[in-house]
Amino acid sequence: MAEAYKKRGWKVYCVSFFRDPKLAGSSEVNSAYKELFSDFLLLPGWNRGGHPLGAVGQVWREVQRALTGNVLSSHPFLFTNSVENSRRVARKLNQWQTDAIYLAKPQSVQLLGRVLPQLSNGRKPLVVMSAHDDFVNRAIAYRRTYQRLFDVLSLPEILRDHANAWIRHHLERIDVAGSRQAEAEIFDACHLVRVESADEFANYSAINRSKAKLSHKPFSYVAPVQQSRETTTQAFDAGFIGSNDVMNLDAVLYLRDVILPIIRKAAPEFRVLVAGGISSKVGPLIEGVANITVWDRLDDVSKFYRAIHVAAVPLRAGTGVSIKVLEALSFGKRIVSTPVGVRGLPNKLLADAIVTGDPNEFAHALLRERTGSACTRAS
C-alpha cells in the first residue's frame with residue numbers, strides 16, 4: 001500500500017505498534033522503515049511493549065471478552081490512552097500535515113486510543129479504515145475451526161500446542177449483538193470503511209449502523225518480487241505455506257482427510273511441501289502421512305516457491321485477504337484455491353487461478369497442474 005501511494009507522488013508516513021521492544025529498537029527494523037516511509041513512529045501495542053501494565057491489560061482484555069462476549073474488547077492501559085502520550089503522538093501526526101490516515105483494521109482505532117480526536121491539520125484528515133477482517137464472524141469461525149482441530153488431537157497434544165486456545169474455547173462466549181455495537185462505535189471514528197470481500201461488504205451493508213461510509217474495494221496490489229536464478233534440487237508437486245494459525249492447521253486437515261485421498265488414487269507418489277510458522281504445530285496432523293514434507297525453517301521464502309509446482313490454498317475458514325495468495329502471485333506461481341482462500345481479491349488477479357469449493361475438482365486441478373497441462377478454471 002505504501003509503495004503504491006509513493007509511486008503516485010504522496011509522502012507516506014507510518015505508525016506501527018509492536019510487541020517486542022528489542023525488535024522495534026533493532027537497526028535492521030528501523031532501516032527498513034526509513035527506506036519505505038518519509039517518517040515513522042513505533043509504539044508499544046496491546047502488551048505495552050512487554051511492560052507489566054501491558055500484561056495486566058491483556059488479562060483484562062481476555063476477562064472482558066469472556067464476561068461480556070464482546071470480541072472487540074480493549075483495555076484501559078494502552079500506551080495511547082494516557083493524555084500525555086496521546087498528545088505527543090497527535091502532535092507528531094499533525095507535524096506530518098496528514099491529509100489521509102489509512103488504518104489497517106478495527107484494532108488500529110483501538111490502539112490509537114485518544115489520538116484520533118486530537119488530529120487537526122487546519123481541517124480534520126480523512127480517516128479510512130480497512131475492514132479486511134470481519135472479526136465478529138471470524139470469532140465464530142475460530143470456534144468451529146478449533147472444535148474440528150480438538151476433535152482430532154489427543155489431550156496431551158492439545159495441552160502442548162494449544163493450551164491457551166483450548167482454555168479460551170471452553171470459557172469464551174460470543175455476544176454477536178454486543179460485538180456489532182462495539183464494531184459500529186469503532187467505525188464511527190472513521191469517515192470511510194473499505195471492505196475487500198464482496199460477501200463481507202454485502203453483510204456489512206445489511207447490518208452497518210455506523211456513520212461511516214462503506215466502500216467495496218478489492219485488494220488489487222501485488223508486490224513485485226525479484227526472481228532468483230538459484231535452482232532447488234528438491235521439487236514438490238504442491239506446496240502450502242502459512243503461519244500456525246488454526247485456520248491454516250484446518251486447511252492441512254482438509255488437505256489430509258479430503259483432498260489427498262482423491263489425489264493418491266491416481267498418483268500415490270504426489271508430494272506436498274508444508275512450510276512457514278505452521279511447521280511448529282502441524283506435526284501431529286501429518287504424522288504417518290506419506291509424501292508430506294515439512295520444512296522447519298525457512299529463511300528465504302523464495303526457496304519455498306522455487307521448490308513447488310503449484311501453490312495449494314485449501315482454506316475452509318477465514319476472513320479478510322489471504323496474503324499467501326498475493327505472495328504466490330508475486331512469485332508467478334499457479335494457484336489452486338478454495339473461494340475462502342481468494343476472498344477480497346479482484347477477478348483480474350485470479351485469471352490464471354483455479355478456484356473451487358468442490359474437493360474433487362480441487363484434487364484433480366492439482367493433478368493437472370502437476371503435469372503442466374492446461375486446466376479449466378472452476379468457480
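Nothing here was measured: the structure is a model prediction, and the numbers come from that model.
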Give a yes or no on whether [X] atom [atom1] has more than 12 heavy-atom contacts from other residues, nucleotides or ligands under 6.0 Å away.
X: Arg144; atom1: CZ; answer: no
X: Arg160; atom1: CZ; answer: yes
X: Asn347; atom1: CG; answer: no
X: Asn164; atom1: CG; answer: no
X: Gln147; atom1: CD; answer: yes

Taking atom types as modelled, find out whether [X] and [Y] have a side-chain donor-acceptor pair closer than 3.5 angstrom.
X: Tyr33; Y: Ser16; answer: yes
X: Glu369; Y: His309; answer: no
X: Asn248; Y: Ser243; answer: yes
X: Tyr142; Y: Asp250; answer: no

Does the side chain of [X] reach to within under 4.5 Å of the side chain of [Y], using non-hydrogen atoms?
X: His162; Y: Leu153; result: yes
X: Pro44; Y: Phe17; result: no
X: Asn360; Y: Ile262; result: yes
X: Ser108; Y: Met129; result: no
X: Tyr204; Y: Arg180; result: yes
X: Asp39; Y: Gln95; result: no
X: Phe270; Y: Asn291; result: no
X: Gln110; Y: Trp46; result: yes

Run the salt bridge (charged side-chain N to carboxylate O under 4.0 Å, His left out) test against [X] and tell me which residues pass, sequence neighbours left out.
X: Arg168; value: Glu62
X: Glu269; value: Arg370
X: Glu172; value: Arg65, Arg143
X: Arg61; value: none

Any donor-acceptor pair under 3.5 Å from [X] side chain to [Y] backbone:
X: Thr356; Y: Phe362; value: no
X: Arg271; Y: Ala235; value: yes
X: Arg19; Y: Gly45; value: no
X: Lys213; Y: His191; value: no
X: Ser179; Y: Val71; value: yes
X: Asp133; Y: Phe135; value: no
X: Asp188; Y: Ser210; value: no
X: Lys333; Y: Ala328; value: no
X: Thr98; Y: Leu93; value: yes

Linking I/L/V/M/F/W/Y whenever their side-chain heavy atoms sit closer than 4.5 Å, directly or via other members, would [X] and [Y] fall into one cluster?
X: Val115; Y: Leu41; value: yes
X: Leu171; Y: Leu67; value: no
X: Leu349; Y: Ile323; value: yes
X: Val56; Y: Leu111; value: no
X: Trp166; Y: Tyr146; value: yes

Rounded to the nearest 0.5 Å, how far apart are [atom1] of [X] and [atom2] of [Y]?
X: Ile286; Y: Leu253; atom1: CD1; atom2: CG; result: 11.5 Å
X: Thr80; Y: Arg114; atom1: OG1; atom2: CZ; result: 9.5 Å
X: Leu350; Y: Ser337; atom1: CG; atom2: OG; result: 8.0 Å
X: Lys281; Y: Asp245; atom1: NZ; atom2: CG; result: 9.0 Å
X: Asp20; Y: Leu23; atom1: CG; atom2: CG; result: 5.0 Å

If I compare all heavy atoms of [X] with all of [Y], which pair ends up nearest, and what's the gap?
X: Phe304; Y: Phe240; value: CZ-N, 3.6 Å
X: Leu315; Y: Gly341; value: CD1-CA, 4.0 Å
X: Val289; Y: Arg264; value: CG1-NH1, 4.3 Å
X: Arg48; Y: Leu78; value: NH1-O, 4.0 Å
X: Asn244; Y: Ser280; value: ND2-OG, 3.2 Å
X: Cys190; Y: Ala212; value: O-CB, 3.5 Å

Only pairs under 3.5 Å count here: list side-chain donor-acceptor contacts from residues 100-107, not counting sequence neighbours, and write none if there are none.
none

**Report entry** Lys217: partners by side-chain contact (heavy atoms from CB on, under 4.5 Å), with sequence neighbours left out
**Finding:**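 In terms of side-chain contact (heavy atoms from CB on, under 4.5 Å), with neighbours along the sequence ignored, Lys217 is linked to Arg194, Ser215.
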
